[in-house]
S.K.: 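Below is a structure I'd like to ask you about.
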Amino acid sequence: EGGRNQGAGETSCFSRLRFTGMPNLGFGLSDRGARDWRVGWRLTSAVPRDPGFEVNLDATRKEPANDAAPEHGILLIGTLRW
């Protein structure tokens, strides 16, 4: 079948609605050995010069350098521009 290849950061339902979805990853390491991990998704307007809005959803994991239990979190950020 003549399907369309989807690139990273785009899905057909979002592109028809004029939005771009992009995954994001993050990793941090301190001098003392603590580690931070982040994985998430960002949704932005795909219309050129459109201030529009942006929505970010991230899941985080903080692993302390000592034997303490890791901390988990979810972050939702919305930005509206006009």
S.K.: Where is the tightest heavy-atom contact between Ala46 and Thr20, given as atom of each residue plus distance?
M.R.: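 Closest approach of Ala46 to Thr20: CB-OG1, 3.3 Å.
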S.K.: Excluding sequence neighbours, so at least two apart, what forms side-chain contact (heavy atoms from CB on, under 4.5 Å) with Ala69?
M.R.: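 Result, side-chain contact (heavy atoms from CB on, under 4.5 Å) vs Ala69: none returned.
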S.K.: Which heavy atom of Gly33 sits nearest a heavy atom of Ala65, and at what distance?
M.R.: C-CB, 4.0 Å
S.K.: How long is the straight-line distance from CG of Leu57 back to CZ of Arg42, given to the nearest 0.5 Å?
M.R.: 11.5 Å
S.K.: Answer yes or no: is there a side-chain heavy-atom contact under 4.5 Å between Phe53 and Phe19?
M.R.: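 Of all side-chain heavy-atom pairs linking Phe19 with Phe53, at least one is under 4.5 Å.
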S.K.: Mind checking what makes side-chain contact (heavy atoms from CB on, under 4.5 Å) contact with Thr60, not counting sequence neighbours?
M.R.: Arg38
S.K.: Applying salt bridge (Lys or Arg N to Asp or Glu O under 4.0 Å), which residue pairs with at least one partner in residues 27-36 are found, sequence neighbours left out?
M.R.: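 For residues 27-36: Arg35-Glu63.
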S.K.: Which residues end up grouped with Trp37 if you chain together Ile, Leu, Val, Met, Phe, Trp and Tyr wherever their side-chain heavy atoms are less than 4.5 Å apart?
M.R.: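 Listed partners: Phe27, Leu29.
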S.K.: If you look only at distance, which donor and acceptor atoms sit under 3.5 Å apart when one is on a side chain in residues 71-78 and the other is two or more places apart or in another chain?
M.R.:
{"residue": "His72", "atom": "NE2", "partner": "Arg61", "partner atom": "NH1", "Å": "2.9"}

S.K.: Name all residues meeting the salt bridge (Lys or Arg N to Asp or Glu O under 4.0 Å) criterion together with Arg81; count only those two or more places apart in sequence or in a different chain, and write none if there are none.
M.R.: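 Salt bridge (Lys or Arg N to Asp or Glu O under 4.0 Å) list for Arg81, sorted by chain: Glu54.
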